[in-house]
Every structure is written in C-alpha cells, then in structure tokens.
Amino acid sequence: MGVRIAVIIALSTLFSYLHIFNSFRKEALLQMEQSVRERSQREQAIFLLAEDNHTVLKKALEERIRFWNTQDPAPRFDSLFVRLPDGSTRNIPQGFDGTKVPGVIVPRDVPLTDSVRRRILAAYEVVSQYGPAFEVRFTNTGVLLPEGVLVGYWPEGATWFQDVEASFSFLPMEYLTRSLPENNPRREPVWTGIFEDTTSKTWMVTLATPLDIDGQHAATLTHDVLLDELMLRTIGDHLPGAYNFLVRDDGQLIAHPTVKMESGMGPYTIPAALGLPEGTAANEGTPEQRAHLSGVFERVKSRQPGQRVLEVPEFGEYIAMERLKGPGWTFVTVLPEHIVASAAIEASRYVLVFGLVSLLLELGIMSWVLRLQITRPLLTFTQASHKLEQGDFDVTLDIWREDELGQLARAFHQMAGEIQRREEALRQANEGLEQRVEERTQELKEAHRKLVETALQVGRAEIATNVLHNVGNVLSSVLISVMLAKERLTGLKLENVERVASLLEEHQADLSAFIRGDRRGQTALPFLNQLGKNLQSERKEIQLLLNDVTRHTEHIGAIVNLQQRYARTSHHLNEQVDLRALVDDALRINQAALGRHRVKVERILSDIPSVLTEKHKVLLILVNLISNAKYALDAVPEEERRLIVRIEQQVPGGQVHIEVKDNGVGIAPELLTRIFQHGFTTRQEGHGFGLHSSALAAQELGGSLRVHSNGPGQGASFILELPANAEPQGGQPHA
C-alpha cells in the first residue's frame with residue numbers, strides 16, 4: 001500500500017513539475033525575445049545618430065572642398081596655421097583654445113600642397129560649424145585626410161593637437177585604413193573595433209565615413225562614441241537570473257559580466273583567447289570559462305536568419321539575441337536552464353509535501369501491522385538460526401500457523417533434523433580422513449627423504465666422475481714426463497766415457513806423449529770437455545721432467561683431497577661458505593671435461609660476504625649446472641665455446657645470484673616450464689634427474705633455481721639464488 005501511494009505521489013510530482021517547467025520555459029523565452037528586441041532598439045540609437053550626422057557632415061565638407069578648390073588657400077591658411085621648428089604644421093599657438101575651435105596637426109613628413117591646404121581649410125570650417133553641436137552626444141568630431149592630416153574638435157583633449165609628436169602618423173589607424181577604396185569598395189560608413197583612449201582610459205569605438213570627390217579619396221569623417229555607459233547597462237541591466245553580453249561578428253567582445261576589460265590589456269577576442277593557457281592574462285578567465293564563451297558564440301554565429309531564441313542543451317542554457325544596426329554588434333541574453341527549473345521545482349514542492357504527509361501516515365499504519373504479523377515471527381526464526389549455528393538443534397517454532405510463515409516453520413524443523421544427521425555423518429568421515437591424511441603424510445616424507453638421498457648420490461657420482469677425469473689427465477702428464485726422462489737417460493751414451501777412460505789408463509805411463517803425439521789422445525780431452533757440457537744439459541732437462549712429475553703428483557693429491565672433503569657429509573650442515581672458492585672448486589672438478597671439450601671459461605666473481613649455507617648441496621648444484629653447460633656446447637664450434645660463471649649481489653644484504661651461462665644449443669620456449677620436472681631431459685644419455693634434484697636442493701637452502709633462454713641456438717642461463725647472511729670477507733674479486 002505504501003509503495004503504491006509513494007508511486008502515485010512521485011508521478012503526480014513529476015507531471016506537475018513537467019507542466020510547470022514547460023509553462024515557465026515558454027514564458028521565459030518570450031520574455032527574453034521581447035527584452036533583446038527592446039534593448040537592441042535602445043542601444044543602437046547612438047550609432048544610427050552618428051551615421052545620420054556623417055551624412056550631414058559629408059555633404060557640407062564636399063561643398064566646402066569644392067568652394068576652396070576655386071580659391072587661393074594661402075592667405076587664410078597662413079592666418080590660422082604655422083610650421084613649427086619640429087617640422088610639423090599646427091594651429092598658431094598664440095590664442096589657441098582647443099575647447100572652442102578645432103585643432104590641426106600636419107606631421108612633418110606630409111608635404112603641404114595647395115590641395116592639402118584647401119582640404120584642411122574646408123575641414124576646419126565644417127568641424128568648427130558642427131563639432132560643438134555634436135559634442136552633446138559624441139566625444140569628438142574629426143576629419144582625417146588620406147595624406148595623414150587630422151582636423152578635429154575634441155574639448156576633453158584640448159591641448160592634444162599641440163602636444164602630439166611631430167612624427168606621429170595616422171596612416172596605420174584602423175579608421176583610416178578601413179575607409180580606403182581598396183578596403184571599402186562600397187564607400188559606406190564603417191565601424192572600427194573597440195579601443196581604449198590612452199588619455200581618458202575609457203573604451204570607445206569610431207565611425208569612419210569616406211568622402212570621394214571626382215573619384216578620388218579626399219577625406220574621412222570620424223566620430224568617437226564612448227562605450228562606458230553601454231557596457232555598464234549591458235552588464236548591470238538584465239533579466240532575473242540571466243546575464244547579457246555584446247559581441248562583434250569576428251568574436252571581439254564589447255561587454256561581458258565575467259570578462260573584465262582591464263586598462264592596457266586590449267580588447268578580448270573569443271577565438272584568439274580560446275587556445276591560451278590558463279593564467280596568460282587576468283581578464284581571460286579559466287580554460288573552462290573560455291570554452292563555454294566560445295561555445296555560446298559559435299551557436300550565436302550559426303543561428304538561422306531571423307532566429308532570435310536558441311536552446312543550448314550542452315550548456316543547459318537558453319540564448320536570445322538581436323543584431324544592433326550600425327556597428328553590426330549582437331546583443332545576447334543568456335538564461336541558465338536551472339533558473340527556470342528552480343521556479344518549477346518550487347511550485348512542485350507543495351504537491352510533494354502533501355504527498356509525503358499522506359505517505360508517512362500510511363507507513364505508520366503499515367509499520368504497526370508488519371511488526372505484529374511479520375517482525376516478531378521473523379525474530380523467532382532468527383533466534384532459531386543462531387541456535388543452529390551454535391550446534392543446538394533443539395528449536396521451537398509455531399508450526400501450526402496456516403499462512404506462509406507456518407509453512408516456513410515446518411520446513412525449518414525438517415531442515416534442522418537433516419542438518420543434525422549430516423553433521424554426525426561428516427564428523428565420522430572427518431575422523432577417518434584425518435587418519436588417512438596422517439598416513440599419507442608419512443609416506444610423502446619418506447619418499448622425499450629417499451629422493452633427496454638419491455639426489456645426493458647422483459651429485460656425488462657426478463663429482464667422482466669429474467675427479468677421475470682430472471686424475472686421469474694428470475696421470476697422463478706424469479707418464480709423459482717419466483718417458484721423456486727415460487729417453488734422456490738412454491741417450492746419454494755413457495759407454496763412450498768408459499772407452500776413453502780405458503784408453504787413458506793404457507797410456508798412463510806416457511800420458512803426456514800420448515795426448516800430444518797420438519791422434520786418439522789429441523781428441524780425448526775435447527771429447528771429455530764436450531761430454532761434461534752435455535751431461536750438465538741433460539741433468540737440467542731430467543730435473544725439469546722430475547719437477548713436473550712432482551707437481552702433477554701433488555695435483556692428484558689435491559684433487560683427491562677435494563673429493564674426500566665434499567664426499568663427507570657433516571652433522572653440522574650449515575657453515576659460513578666462501579662462494580667464490582666454492583665456484584673455483586666446482587670448475588676444478590669439471591676441469592678435465594671442460595678442457596677435453598675445448599670450453600673457454602670466464603669467471604666474473606664479485607667480492608661479496610660469505611653465506612651461511614650447506615656447502616655440499618651448493619657444490620652439487622654448481623657441478624650439475626657446469627656439466628650440463630658443457631654438454632650444451634657440443635653443437636657449437638670449438639673456437640666459439642664459451643662458459644661464463646658470475647657471482648653478484650645486486651643489493652647489499654639481498655640475495656646472492658650465481659649464474660652459469662653458456663652460448664650453446666639453448667632451450668625452446670615451450671620447454672622452459674618443464675626443464676625442472678623429474679625425468680625430463682633433452683639428452684639421449686641423460687637420466688632427467690640432475691636439474692630436478694638441483695631445484696629441490698635450492699629450495700631446501702631457502703633459495704631458488706631458475707632458467708632463461710632466448711630460444712634454440714641462443715644459449716641458456718641458469719641462476720641460483722641464495723639468501724645472504726652477511727659476514728664480511730676480505731680479498732679482491734676474481735676475474
């Protein structure tokens with residue numbers, strides 16, 4: 001019931017609002033149209049009067065010019081004007097009163113021909129006759145010759161004609177340029193844009209009417225019209241809630257309530273100001289204000305002929321406009337739609353208040369009924385639900401009611417019994433499940449222990465294999481050294497020494513004569529000398545070979561000690577480990593295989609703190625990675641095989657990265673996610689266990705093992721990340 005009343009009230013209020021709003025809107029638009037029509041007729045009067053004045057002035061000036069064209073201008077001209085030392089020609093200073101007679105300024109660069117003198121005299125006489133009469137409505141009256149000569153009556157600037165610079169030029173002035181034949185082929189009166197008078201700091205506009213005599217531009221008549229009162233009326237006199245502005249067809253703003261025409265800033269042109277950044281000038285408003293003004297101006301420009309009222313839904317406004325005769329400006333009134341809407345809302349508020357009172361009364365009655373028939377039974381259901389949530393299935397509800405709540409109570413009782421039965425079954429199932437989970441957990445722990453042990457055995461086997469390769473290579477070097485020493489001893493030919501000794505012993509009695517006289521005796525001493533030198537040389541060579549045997553034997557011992565050191569598993573697994581030394585050990589274990597495969601090894605080992613970790617697990621991982629890299633380089637030409645081992649710590653105290661990088665066969669993208677799976681291998685003789693066990697070992701160390709490859713033929717990079725446990729260690733970085 002309450003909902004129905006609320007809907008009726010809402011619909012009544014809505015229809016009332018729409019009706020009132022539509023009526024107010026029509027009235028407001030009619031009022032706006034009538035207002036702009038009346039305002040335009042009133043404001044354009046001054047401009048039409050100025051054009052009427054120019055019609056009279058134009059006729060009078062033409063008559064005086066034609067008169068003076070038949071007279072000698074010199075006597076009259078010289079009695080009124082004089083050329084001053086600055087080169088300009090002006091009124092004779094003695095006795096000149098600019099409040100009573102016109103002023104004349106001929107810039108020094110303008111030649112004073114008879115034609116110019118005649119037109120100056122004609123203009124002077126016409127302005128003297130009409131200027132004082134027109135001063136009531138117009139601030140000044142002037143005649144401007146196309147050569148750049150000005151004759152004007154301007155009481156407020158009585159001394160201006162005497163004070164202006166002699167080099168001042170009127171040729172660029174808009175009221176002269178717009179009256180030239182090339183810019184005004186129809187030879188009709190034209191209005192300039194608004195400008196600020198520098199002397200009085202007031203805004204004005206100029207009417208310029210060209211005068212042609214015998215097809216030649218003889219002069220331009222001017223009137224300056226003050227705009228201050230027009231601007232104030234435009235801004236201050238407006239319809240309630242609306243505002244007015246005046247604008248020229250090219251967007252030059254004459255008056256606007258928010259755009260202030262500040263002194264020295266120049267006129268405001270809407271299209272030019274639209275793209276300026278915020279804060280460029282104080283009188284140009286924010287970008288949003290400029291965009292709004294530009295949008296309204298575009299709608300005014302695009303109106304149909306004779307159309308006075310427009311709706312602008314994008315701005316929520318109504319626009320009424322009327323064109324002023326004379327300057328061609330447009331008087332615009334803007335009324336925001338919310339002004340009309342607020343009046344309609346105010347009128348609709350009474351309908352809404354009456355409806356709300358009715359709704360509250362109905363809701364009070366409904367609340368009493370609902371509390372009695374619905375709220376209390378639902379509260380009982382809520383309490384029963386809380387008891388079920390706490391595991392108490394002893395609930396009591398009114399199951400004897402014949403309405404929907406009675407049906408719900410009976411269903412609730414059935415549900416409570418079913419929940420009790422299922423909870424008991426679930427409890428029994430959970431007890432059995434917990435036992436199975438515990439058994440399965442023990443099985444997984446045992447499987448994990450066996451897997452780790454297998455990984456350790458495989459790693460130790462890999463280390464032992466590499467150690468045997470190194471020992472075999474060193475033993476080969478020992479064998480070669482021993483064979484070379486044996487060959488040296490065999491080649492000494494010591495039997496010749498015995499023969500020389502026997503020969504000397506035979507001639508012991510006459511040894512001196514034998515050595516001097518017998519040919520054999522003469523060669524005996526040189527032979528012995530040369531033999532001594534050969535024996536010394538051979539002794540050095542044999543000593544070098546024996547030194548090699550000693551060094552190789554020591555190398556074998558070092559390799560065996562290294563194997564024994566890493567083969568033993570300490571009961572205290574965690575220790576401070578120098579990772580650089582550990583990398584050197586891993587490379588030394590793989591040295592034989594790397595040398596046999598002609599792999600060039602580059603070590604980039606940064607100076608980092610030692611790490612608290614399990615040394616043998618890290619070594620197993622490194623040996624496995626170096627061994628895999630060695631096989632990955634088999635497909636690369638021997639001279640290009642390269643292996644890089646790098647240790648770095650990007651952030652002090654952060655993780656330590658050990659990278660094993662090769663330029664071998666690479667890894668396809670689809671294999672990168674499978675490379676660490678158990679049993680996965682890309683080698684025919686591989687068992688698919690090394691990388692899997694290495695990844696598990698890295699996790700047990702608190703780190704990780706990851707791989708990166710750009711694809712087949714692009715090499716691969718395996719990065720072992722270990723947590724850092726900073727303990728400073730000395731030494732310089734390895735290279």
Side-chain angles (χ1 to χ4, degrees), residues 458-459 462-463 465-474 476-477 480 555 559 562 579-608 618-648 650 656-676 680-692 694-695 698 705-721 732-735:
V458 171
E462 187 72 24
I463 294 176
T465 301
N466 288 316
V467 168
L468 291 177
H469 282 306
N470 279 333
V471 170
N473 285 345
V474 177
S476 298
S477 300
I480 292 172
H555 189 192
I559 294 174
L562 182 65
L579 293 178
R580 298 172 302 169
L582 200 62
V583 169
D584 289 338
D585 289 345
L587 290 172
R588 193 177 298 115
I589 290 174
N590 284 278
Q591 181 178 356
L594 294 173
R596 185 171 62 256
H597 285 75
R598 302 292 191 270
V599 177
K600 181 180 179 181
V601 179
E602 180 179 353
R603 298 182 300 168
I604 307 175
L605 310 181
S606 301
D607 187 7
I608 61 172
V618 178
L619 180 67
L620 292 176
I621 295 172
L622 294 177
V623 168
N624 202 340
L625 296 180
I626 294 172
S627 177
N628 286 349
K630 171 194 65 179
Y631 287 114
L633 291 166
D634 286 345
V636 179
E638 292 184 356
E639 64 275 7
E640 298 180 7
R641 296 174 182 173
R642 185 181 179 194
L643 174 65
I644 299 176
V645 182
R646 184 195 315 269
I647 297 180
E648 61 183 0
Q650 297 179 349
V656 177
H657 292 185
I658 306 177
E659 180 183 13
V660 179
K661 183 178 181 180
D662 64 77
N663 62 337
V665 295
I667 304 173
E670 62 271 14
L671 301 181
L672 289 175
T673 57
R674 303 174 53 198
I675 197 71
F676 295 113
F680 179 80
T681 180
T682 57
R683 302 203 323 263
Q684 293 183 353
E685 66 278 10
H687 45 67
F689 190 72
L691 287 178
H692 176 68
S694 297
L705 180 61
R706 54 188 175 90
V707 61
H708 172 75
S709 175
N710 292 328
Q714 302 295 318
S717 175
F718 286 84
I719 301 173
L720 173 61
E721 296 180 349
Q732 301 297 324
H734 292 252

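One is the number of the first residue; the rest follow in order along the sequence. The figures here come from the full heavy-atom set of this structure, side chains too, leaving out hydrogens, waters and symmetry mates.
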Participant: Set out, in order, the CA-CA distance, both residues' side-chain angles and the distance that settles side-chain contact (heavy atoms from CB on, under 4.5 Å) for Val645 and Leu622, then state yes or no.
Facilitator: CA-CA 10 Å; Val645 182; Leu622 294 177; 6.0 Å; no

Participant: Return the CD1 to CD distance between Ile604 and Glu648, rounded to the nearest 0.5 Å.
Facilitator: 9.0 Å

Participant: Hey, could you give me the CZ/NZ distance between Arg598 and Lys630, rounded to the nearest 0.5 Å?
Facilitator: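 Here the rounded value is 14.0 Å.
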
Participant: First locate atom CZ of Arg646, then atom CD of Glu602, and finally report the distance between them rounded to the nearest 0.5 Å.
Facilitator: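 Atom-to-atom, Arg646:CZ and Glu602:CD are 7.5 Å apart.
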
Participant: Measure the shortest side-chain to side-chain distance between Leu720 and Val656 over non-hydrogen atoms and say whether it is less than 4.5 angstrom.
Facilitator: no

Participant: Check the pair Leu705, Leu625 against side-chain contact (heavy atoms from CB on, under 4.5 Å), reporting the backbone distance first and the verdict last.
Facilitator: CA-CA 10 Å; Leu705 180 61; Leu625 296 180; 4.1 Å; yes

Participant: First locate atom CD1 of Ile667, then atom CD of Gln714, and finally report the distance between them rounded to the nearest 0.5 Å.
Facilitator: 12.5 Å

Participant: So His597 and Leu633, side-chain contact (heavy atoms from CB on, under 4.5 Å) or not? Walk me through it.
Facilitator: CA-CA 8 Å; His597 285 75; Leu633 291 166; over 6 Å; no

Participant: How long is the span from the CD1 atom in Ile621 to the CD1 atom in Ile658, to the nearest 0.5 Å?
Facilitator: 8.5 Å

Participant: Please check this pair: side chain of Asn663 against backbone of Arg642, looking for a donor-acceptor N/O pair closer than 3.5 Å.
Facilitator: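 Answer holds: yes.
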
Participant: Can you give me the closest heavy-atom contact between Gly715 and Ser709, atom names plus distance?
Facilitator: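 Minimum heavy-atom contact is O-OG, 2.8 Å.
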
Participant: Decide yes or no on side-chain contact (heavy atoms from CB on, under 4.5 Å) for Ile626 and Leu594, but give the supporting numbers first.
Facilitator: CA-CA 9 Å; Ile626 294 172; Leu594 294 173; 4.1 Å; yes

Participant: What closest approach, in Å, do Pro669 and Pro712 show between heavy atoms, and which atom pair accounts for it?
Facilitator: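 Shortest heavy-atom separation between Pro669 and Pro712 comes out as CD-CD, 4.5 Å.
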
Participant: Are Leu691 and Phe718 side-chain neighbours, meaning at least one heavy-atom pair lies under 4.5 Å?
Facilitator: yes

Participant: So, taking the atom named OG in Ser717 and the one named CZ in Arg706, what distance separates them when rounded to the nearest 0.5 Å?
Facilitator: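 Here the interatomic distance stands at 8.0 Å.
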
Participant: Which heavy atom of Leu579 sits nearest to which heavy atom of Ile608, and what is that distance?
Facilitator: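 Looks like CD1-CD1, 4.2 Å.
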
Participant: Any donor and acceptor pair, going by atom type alone, linking the side chain of His692 with main-chain N or O of Phe676 inside 3.5 Å?
Facilitator: yes

Participant: Any carboxylate oxygen within less than 4.0 angstrom of a Lys/Arg side-chain nitrogen, looking at Asp607 and Arg580?
Facilitator: yes

Participant: How close do Glu670 and Thr673 get, heavy atom to heavy atom, and via which atoms?
Facilitator: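 Glu670 and Thr673 have their closest heavy atoms at O-OG1, 3.8 Å.
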
Participant: Can you check whether Val636's main-chain N or O pairs, donor with acceptor, with Arg641's side chain at less than 3.5 Å?
Facilitator: yes

